[in-house]
Visitor: 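Okay, handing you the structure first.
Values reported hereafter were calculated over all heavy atoms of this structure, with side chains retained and with hydrogens, waters and symmetry mates removed. What you see is a predicted model, and the numbers here were worked out from it, not measured in a lab.
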Amino acid sequence: MIAYVKGTVEDISEDNVIVDVGGLGYNVKISAGTAAKLPGTGESVKLYTYTSVREDAVQLYGFLSKNDLDIFRKCITVSGIGPKGALAILSVLDADALRFAILSGDEKAISKAPGIGARTAQRLILELKDKVRMEDTAIGQEIAGGMAEAVLGDSPQRKEAVEALVSLGYGHGEAVKAVNAIEGIEQMDSGAVLKAALKKMF
């Protein structure tokens with residue numbers, strides 16, 4: 001089927017983009033996260049696509065990276081989660097955040113997606129926990145490249161901040177992501193790291 005579409009952005013909405021490819025307009029379903037990252041109307045874009053074929057419709061789903069497309073494909077293999085549900089999940093969690101949520105068993109983060117309840121989130125975690133890897137995330141790739149110390153930060157401030165966030169009720173995956181997003185963490189004490197991480201959660 002269609003592996004990707006590359007052309008000019010003709011029109012964008014929260015869940016859809018029209019891409020003009022040589023005078024032919026492709027109607028592509030997208031997540032809210034993808035919509036926010038798209039270039040403006042009239043600019044060039046490349047979207048990796050998944051083609052959904054049903055008896056009553058053929059629909060393209062588009063993603064700015066192969067990483068996003070890969071996790072989308074995994075999500076739709078889960079019973080009860082179709083393309084629409086997978087797109088809803090990726091509208092509240094990017095690909096890396098979703099992998100963290102699956103690996104850490106953070107059903108709370110996944111069930112924030114519209115139409116995805118706790119049971120569905122639990123099923124997704126159960127069915128995909130052996131199919132996703134830390135190495136597939138941006139952080140995991142940097143670790144594989146020899147940057148483990150800089151990225152994960154073996155500093156006690158990072159570990160204490162993650163533990164504190166988890167004790168406050170946040171999922172482990174989102175806590176790790178928030179702490180890793182803080183710059184200059186080595187020069188901060190544990191209290192300052194925690195405050196900065198909490199700001200990242202909102």
Visitor: Which atoms form the tightest heavy-atom contact between Val9 and Gly40, and what is the distance?
Guide: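 Answer, listing the atom of Val9 first, then Gly40: CB-O, 3.7 Å.
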Visitor: List the atom of Ala196, the atom of Ile182, and the distance in Å for their closest heavy-atom pair.
Guide: CB-CD1, 3.8 Å
Visitor: Can you give me the closest heavy-atom contact between Ser52 and Pro83, atom names plus distance?
Guide: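 The answer is OG-CG, 4.1 Å.
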Visitor: Listing request: all salt bridge (Lys or Arg N to Asp or Glu O under 4.0 Å) pairs with a residue in residues 49-69, at least two apart in sequence or in separate chains.
Guide: Arg54-Asp56
Visitor: Keeping the roles fixed (side chain from Thr49, backbone from Ile2), state whether a donor-acceptor pair exists under 3.5 Å.
Guide: yes
Visitor: Quick one: CD1 on Ile102 to CD1 on Ile110, what's the gap to the nearest 0.5 Å?
Guide: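 Result: 5.5 Å between the selected atoms.
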Visitor: Using 0.5 Å steps for rounding, measure from the OG atom of Ser31 to the CZ atom of Phe63.
Guide: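 The distance works out to 7.0 Å.
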Visitor: Is there a path of hydrophobic side-chain contacts, each under 4.5 Å between heavy atoms, that joins Val58 and Leu24?
Guide: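 Result: no, two separate clusters.
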Visitor: Is it true that Ile30 and Leu69 fall in one hydrophobic cluster, defined by side-chain heavy atoms closer than 4.5 Å?
Guide: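 No, separate clusters.
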Visitor: So, are Arg99 and Asp70 salt-bridged, with charged N and O less than 4.0 Å apart?
Guide: yes
Visitor: Calculate, to the nearest 0.5 Å, the distance between atoms NZ and CG belonging to Lys74 and Leu124 respectively.
Guide: 11.5 Å
Visitor: Stepwise, does the side chain to side chain contact (heavy atoms under 4.5 Å, CB included) test hold for Leu47 with Leu38?
Guide: CA-CA 10 Å; Leu47 292 172; Leu38 284 174; 4.1 Å; yes
Visitor: Between Asp94 and Lys37, does any side-chain N to carboxylate O distance fall below 4.0 Å?
Guide: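 Answer for the salt bridge query: no.
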Visitor: Quick one: NZ on Lys84 to OH on Tyr61, what's the gap to the nearest 0.5 Å?
Guide: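 These two atoms lie 8.5 Å from each other.
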Visitor: Report the C-alpha separation of Thr77 and Leu128 in whole Å, then their side-chain angles, then the decisive distance to 0.1 Å, and conclude whether the side chain to side chain contact (heavy atoms under 4.5 Å, CB included) test is met.
Guide: CA-CA 9 Å; Thr77 65; Leu128 296 187; 4.1 Å; yes
Visitor: Ile116 vs Val92, test: side chain to side chain contact (heavy atoms under 4.5 Å, CB included). Steps then yes/no.
Guide: CA-CA 11 Å; Ile116 303 298; Val92 297; over 6 Å; no
Visitor: Could you state whether Phe100 and Leu126 fall into the same hydrophobic cluster, counting links through intermediate Ile, Leu, Val, Met, Phe, Trp or Tyr residues with side-chain heavy atoms under 4.5 angstrom apart?
Guide: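 No, separate clusters.
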Visitor: In Å and rounded to the nearest 0.5 Å, what is the CG to CD1 distance from Asn27 to Ile18?
Guide: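 One finds 5.0 Å between CG of Asn27 and CD1 of Ile18.
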Visitor: How far does CD1 of Ile89 sit from CG of Leu98, to the nearest 0.5 angstrom?
Guide: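 Reported to 0.5 Å precision, the distance equals 6.5 Å.
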Visitor: Heavy atoms only: give me the nearest Val179-Ala197 pair and the separation to one decimal.
Guide: CG2-CB, 4.1 Å
Visitor: Would Asn67 and Asp96 count as a side chain to side chain contact (heavy atoms under 4.5 Å, CB included) here? Give the steps.
Guide: CA-CA 9 Å; Asn67 186 29; Asp96 280 357; 3.5 Å; yes
Visitor: Following the transitive rule for hydrophobic clusters with a side-chain heavy-atom cut-off under 4.5 Å over Ile, Leu, Val, Met, Phe, Trp and Tyr, establish whether Ile125 and Ile76 coincide in one cluster.
Guide: yes
Visitor: Please list all pairs passing the ring pair (Phe, Tyr, Trp, His ring centres under 6.0 Å) test where one or both residues lie in residues 3-52, with sequence neighbours left out.
Guide: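 Found Tyr50-Phe72.
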Visitor: Going by salt bridge (Lys or Arg N to Asp or Glu O under 4.0 Å), name the pairs with one or both residues in residues 13-33, residues two or more places apart or in two chains.
Guide: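 Qualifying pairs, neighbours excluded: none.
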Visitor: Do Leu90 and Leu60 belong together in a cluster built from hydrophobic side chains that touch within less than 4.5 Å?
Guide: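 Different hydrophobic clusters.
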Visitor: Between Arg123 and Val78 (side chain of the first, backbone of the second, donor and acceptor by atom type, cut-off under 3.5 Å), is there such a pair?
Guide: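 Absent.
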Visitor: Whether the side chain of Ser111 engages the backbone of Ala118 through a donor-acceptor N/O pair (distance < 3.5 Å, no angle test) should be reported.
Guide: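 Not confirmed, Ser111 side chain does not pair with Ala118 backbone.
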